[in-house]
Amino acid sequence: MPHLALYTFGVLKSPLADPAPLTREFHESGEAVYREIGRHPGYIARAEAVDRSLGARTDFDSDWGEWGEFAVPAWYGKGRTVETIALAATLSLWTDLRPAIDAIYTGLHRAALNRRYDWFERTGHPGYVFWWVTDGVIPTWQDGVSKLEHLHDHGSAPHAFSFHHLFAPDGTPTRIKGIGPKSDQVR
């Protein structure tokens, strides 16, 4: 049975190392959000640095194991060192669309999503992309980047899509009650 891959990417207004209150607030809320999402029905796994004891965050030097080498979209133009990184990215696997959407739009993640414009720049690029993978396949960071760039350049397709235009594993367009262009807006 196929699984749903989800890659998210955002450019922060200031580097993660910035001691400003908003940056600290964003960074400190992350672990609680990850814990809650990790307990959500339908969640399978997310990319995590192999040696988390080093305090590894989303960065270019960490070993991500089977998730591959860390990669970012070509349009990301901010820092690439621990002191200057100004991005937040996730890569995760889900059993299906409904559980992923429910996790994104409920609980702590919903509260964080409502604050996204406090923390993230408006880039004109999509902030996430979905695609289906064969059972047993672990998507890589580069897969996520390629899919996100495709979504930006060409719009939704069965191999790279958004909430606005969902696709089933067989590539046919699908709908989920309550999900669509208007319900994608967080208020």
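Note that this is a predicted model, so its numbers are computed, not measured. Residues: numbered from 1 along the sequence shown.
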Got a list of side-chain donor-acceptor pairs under 3.5 Å for residues 14-21, not counting sequence neighbours?
unit_1, atom_1, unit_2, atom_2, d
S14, OG, D18, OD2, 3.4
S14, OG, T23, OG1, 2.5
D18, OD1, A20, N, 2.8

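- Under 4.0 Å is where a charged nitrogen must lie from a carboxylate oxygen, and between D102 and R98 at least one such pair does.
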Begin with the C-alpha distance, continue with both residues' side-chain angles, and end with the deciding distance and a verdict on side-chain contact (heavy atoms from CB on, under 4.5 Å) for L87 and V11. CA-CA 4 Å; L87 64 89; V11 179; 5.6 Å; no

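- Closest heavy-atom contact between W119 and A112: CZ3-O, 3.4 Å.
- Taking the six-membered ring for Trp and the full ring otherwise, the centers of F120 and F26 sit less than 6.0 Å from each other.
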The test is ring-ring contact (aromatic ring centres under 6.0 Å, His included); show your working for F167 and F130 and say whether it passes. CA-CA 9 Å; F167 290 87; F130 290 115; over 10 Å; no

Is there a side-chain contact (heavy atoms from CB on, under 4.5 Å) between K78 and L12 once you walk through the steps? CA-CA 9 Å; K78 288 194 172 183; L12 294 163; 5.9 Å; no

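- Ring geometry, H150 versus H154: the interplanar angle falls from 30° to 60°, so the pair is classed tilted.
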Determine, step by step, whether K13 and L22 satisfy the side-chain contact (heavy atoms from CB on, under 4.5 Å) criterion, reporting the C-alpha distance in whole Å, the side-chain angles of both residues, the deciding distance to 0.1 Å, and the verdict. CA-CA 10 Å; K13 290 182 176 179; L22 275 176; over 6 Å; no

Let's go through E121 and R116 carefully: what are the C-alpha distance in whole Å and the side-chain angles of both, what is the deciding distance for salt bridge (Lys or Arg N to Asp or Glu O under 4.0 Å) to 0.1 Å, and is it a yes or a no? CA-CA 9 Å; E121 294 180 359; R116 68 185 178 272; over 6 Å; no

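- The shortest side-chain heavy-atom distance between S156 and L151 falls under the 4.5 Å cut-off.
- Residues passing the side-chain hydrogen bond (donor to acceptor under 3.5 Å, both in side chains) test with T134, sequence neighbours excluded: none.
- Ion pairing of R110 with E36 is absent here, as no side-chain N (NZ or NE/NH1/NH2) approaches a carboxylate O to less than 4.0 Å.
- Side-chain contact between L148 and P126 is present, with heavy atoms from C-beta onward closer than 4.5 Å.
- Taking H125 as the reference, W75, H152 meet the ring pair (Phe, Tyr, Trp, His ring centres under 6.0 Å) condition, with sequence neighbours excluded.
- When the options L91, T140, D143 are evaluated for a side-chain contact (heavy atoms from CB on, under 4.5 Å) with W67, the one that passes is L91.
- Here F163 and Y128 bring their ring centres to under 6.0 angstrom of each other.
- Y43 pairs by the side-chain contact (heavy atoms from CB on, under 4.5 Å) definition with I37, R46, W94, not counting sequence neighbours.
- Between the side chain of K147 and the main chain of F161, no donor-acceptor pair closer than 3.5 Å is present.
- Checked by atom type and distance alone, the side chain of E69 never pairs as donor or acceptor with a backbone atom of W141 at under 3.5 Å.
- Scanning for salt bridge (Lys or Arg N to Asp or Glu O under 4.0 Å) contacts around E66 gives an empty result, with sequence neighbours left out.
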Check the pair T90 / Y34 against side-chain contact (heavy atoms from CB on, under 4.5 Å), numbers first and verdict last. CA-CA 10 Å; T90 65; Y34 285 138; 3.2 Å; yes

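- Test L6, V133, L4 against L93 for side-chain contact (heavy atoms from CB on, under 4.5 Å) and you get one pass: V133.
- Across W131 and H159, no two heavy atoms sit closer than the pair CB-O, 3.3 Å.
- A search for salt bridge (Lys or Arg N to Asp or Glu O under 4.0 Å) contacts involving E25 returns R115, not counting sequence neighbours.
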